[in-house]
Amino acid sequence: MPHVEFKDQEPQLLGENQEQQQGEETRDEEACQGPARSQVSSPSVATSSANRQLMMLEGKSGPYFSSLDSSIDMLKKRAQELIENINESRQKDHALMTNFRDSLKIKVSDLTEKLEERMYQIYNHHNKIIQEKLQEFTQKMAKISHLETELKQVCHTVETVYKDLCVQPEV
């Protein structure tokens, strides 16, 4: 943005801008009243006419400003009502979300309990199957041990018979 200097102008303050607009409005009003008003050349005559216009405006300004004040009050009330409506709506939304969260917690808790119960049922079923298999395994291992013992006895018997056959004196 280029830097522009205004040598003959003073910086405008916020209040001055409004005063300029009011001054322009007064000049516009004077222009509407006819050529006689716009052609006043003397500063004292211009000041006295401005004072007369100001007095006329003051007489009319009471109802105008009271109407303006009532409009502003109405706008303030309406804005306050809107803010209250927004706050009430937010409170309702908050209550709704709280209820939703609570009901969701209850449902999740119920589902978790059901899942846990189902899991334990499956564990119990698997435990029964595993117990049955372990019992079968134990029985088979016991049978194998018994057969191993019998086999050892048979082997021992065969060994004894073989030794007896081998050791017999020759006749």
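Everything quoted here is computed from the prediction, not taken from an experiment.
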Any donor and acceptor pair, going by atom type alone, linking the side chain of Thr149 with main-chain N or O of Ser145 inside 3.5 Å?
->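 At least one qualifying donor-acceptor pair exists.
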Check whether any side-chain N or O of Thr98 sits under 3.5 Å from a backbone N or O of His94 as a donor-acceptor pair, and report yes or no.
->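 Side chain of Thr98 to backbone of His94: a pair is present.
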Distance check, rounded to the nearest 0.5 Å: [X] atom [atom1] versus [Y] atom [atom2]?
| X | Y | atom1 | atom2 | result |
| --- | --- | --- | --- | --- |
| Asn85 | Gln80 | CG | CD | 10.0 Å |
| Glu116 | Glu113 | CD | CD | 7.5 Å |
| Glu150 | Lys143 | CD | NZ | 10.0 Å |
| Leu82 | Asn87 | CG | CG | 11.0 Å |
| Phe100 | Lys105 | CZ | NZ | 12.5 Å |
| Ile72 | Lys76 | CD1 | NZ | 7.0 Å |

Is Lys92 paired with Glu88 through a side-chain N to carboxylate O contact shorter than 4.0 Å?
->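 Looking at Lys92 together with Glu88, the answer is no, because their closest N to O distance does not fall below 4.0 Å.
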Could you check Glu81 against Arg78 for salt bridge (charged side-chain N to carboxylate O under 4.0 Å, His left out), going step by step and ending with a plain yes or no?
-> CA-CA 5 Å; Glu81 288 173 3; Arg78 182 68 182 138; 3.6 Å; yes
Would you check if Lys114 and Arg118 make a side-chain contact, meaning some heavy-atom pair closer than 4.5 Å?
->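 A side-chain contact is absent here, since even the closest heavy-atom pair is not under 4.5 Å.
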Is Glu159 close to Cys155 at the side-chain level, that is, under 4.5 Å between some pair of heavy atoms?
->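 Of all side-chain heavy-atom pairs linking Glu159 with Cys155, none is under 4.5 Å.
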Full working for side-chain hydrogen bond (donor to acceptor under 3.5 Å, both in side chains) between Gln121 and His125 = CA-CA 6 Å; Gln121 288 174 354; His125 177 70; over 6 Å; no
Co-members of Met141 in a cluster of I, L, V, M, F, W and Y side chains, linked at under 4.5 Å =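 Members besides Met141, by chain and number: Phe137, Ile144.
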With sequence neighbours excluded, residues passing side chain to side chain contact (heavy atoms under 4.5 Å, CB included) with Tyr162 =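 So Tyr162 forms a side chain to side chain contact (heavy atoms under 4.5 Å, CB included) with Cys166.
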